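The structure displayed is predicted, hence computed values, not measured ones. Scope of the values below: all heavy atoms of this structure, side chains included, with no hydrogens, waters or symmetry mates. Index from 1, following the sequence.
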Amino acid sequence: QRYCSYTHHFPSGEATQALPSVSPGIQRRHTLPASEVRPLNAQDAVSVFEIEREAFISVSGECPLHLDEVRHFLTLCPEFSMGWFEEGRLVAFIIGSLWDRDRLATEALTLHKPRGSNAHIHVLAVHRTFRQQGKGPILMWRYLQYLRCLPNVRRAVLMCEDFLVPFYRKMGFKVLGRCAVTVGALTFTEMCYPISGHAYMRRNSC
């Protein structure tokens, strides 16, 4: 399986279904929620990197983010990350940051621009034992809805290999063109998802 900016590839046939809800009233004391989605923090970095390394190294020999870069983003801008936990175990995640230009550049792979208006999605990955369950598309959908609640974010941007373009189009992303960023021999298509223009939704859902 391949990835996009490198976002991990999920088969386009997987259904995008609602996350299972867990009623606080039925949770027993001292037990973990059956399913939880929350921003990540620096303490999650090792778990994130273990999933990322397995997902990407075996395929391309490259990791989108090294462990120190994972810690960097989860310390600097944890609000642009999202992790899906099952009984306290990380099973899928997204790491993003802000970018301040219309198109991605090599610096976007390692920098967070606090005054930027583009949420750059660096990596999306699912633990190997939880793949083929639709978790990737569901988490991406949740993340895009979450971005609507953040002030000043007008677009989500990512770069993906060409064969993933149809998948992201189904998620609502639009093609911007060939990305200026390359990683070794890999080239990418740059895509974006509009976030701005949803003031009504922000007022009523955030």
Which distance, rounded to the nearest 0.5 Å, do you find between the [atom1] of [X] and the [atom2] of [Y]?
| X | Y | atom1 | atom2 | answer |
| --- | --- | --- | --- | --- |
| R169 | L164 | CZ | CG | 12.5 Å |
| M140 | I94 | CE | CD1 | 4.5 Å |
| F80 | I121 | CZ | CD1 | 11.0 Å |
| E79 | S97 | CD | OG | 10.0 Å |
| F49 | D68 | CZ | CG | 8.5 Å |
| W84 | F130 | CH2 | CZ | 10.0 Å |

- Indicate if L150 and L76 have the same hydrophobic cluster label, given that clusters are the connected sets of ILVMFWY residues with side-chain heavy-atom separations under 4.5 angstrom.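 No, separate clusters.
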
- Item | Hphob cluster co-occupancy, M171 + L124, side-chain heavy atoms under 4.5 angstrom |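 Same hydrophobic cluster.
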
Mind listing the closest non-hydrogen atom pair of [X] and [Y] along with its distance?
| X | Y | answer |
| --- | --- | --- |
| A156 | L144 | CB-CD2, 3.9 Å |
| A125 | A55 | CB-CB, 4.4 Å |
| V153 | I195 | O-CG2, 3.3 Å |
| A45 | R71 | CB-CG, 3.5 Å |

Pair [X] + [Y]: basic N to acidic O under 4.0 Å:
| X | Y | result |
| --- | --- | --- |
| R128 | E52 | no |
| R154 | D102 | yes |
| R103 | E190 | yes |

Side-chain donor/acceptor of [X] to backbone N/O of [Y], under 3.5 Å:
| X | Y | value |
| --- | --- | --- |
| S81 | P78 | yes |
| H112 | L98 | yes |
| N152 | R115 | no |

- Task: Report yes or no: do Q145 and R148 form a side-chain donor-acceptor pair below 3.5 Å?
- Result: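 Judged by distance alone, the side chains do pair up.
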
Any side-chain heavy-atom pair of [X] and [Y] under 4.5 Å:
| X | Y | result |
| --- | --- | --- |
| D44 | F85 | yes |
| C160 | F188 | no |
| V165 | V175 | yes |
| M82 | V37 | yes |
| I95 | L65 | yes |
| L104 | V157 | yes |
| L109 | H120 | yes |
| H66 | V70 | no |

- Message: For a side-chain contact (heavy atoms from CB on, under 4.5 Å) check, start with the C-alpha distance between V91 and V126, then their side-chain angles and the critical distance, and finish with the verdict.
- Response: CA-CA 6 Å; V91 301; V126 176; 5.7 Å; no

- I would like to know whether L40 and L90 meet side-chain contact (heavy atoms from CB on, under 4.5 Å); could you show each step before the answer? CA-CA 10 Å; L40 298 166; L90 181 66; 4.1 Å; yes

- Item | Parallel, tilted or perpendicular, as decided by the 30° and 60° cut-offs, for the rings of F173 and Y168 |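 Answer is perpendicular, since the angle exceeds 60°.
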
- Task: Check the angle between the aromatic planes of Y143 and Y146 and answer parallel, tilted or perpendicular using the 30° and 60° thresholds.
- Result: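 Geometry flag for Y146 against Y143: tilted rings.
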
- Name the one of V181, L186, T182 that satisfies side chain to side chain contact (heavy atoms under 4.5 Å, CB included) with M159?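 In the set V181, L186, T182, the residue that makes a side chain to side chain contact (heavy atoms under 4.5 Å, CB included) with M159 is V181.
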
- Task: Could you go through the salt bridge (charged side-chain N to carboxylate O under 4.0 Å, His left out) check for R178 and D162 one step at a time?
- Result: CA-CA 9 Å; R178 179 60 54 191; D162 292 347; 3.0 Å; yes

- Lys NZ or Arg CZ of R155 over Y193 ring: under 6.0 Å, within 45°: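 Output no; distance or angle outside limits.
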
- Message: Tell me which one of E50, R89, E86 satisfies side-chain hydrogen bond (donor to acceptor under 3.5 Å, both in side chains) with H127.
- Response: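 Result for side-chain hydrogen bond (donor to acceptor under 3.5 Å, both in side chains) with H127: R89.
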
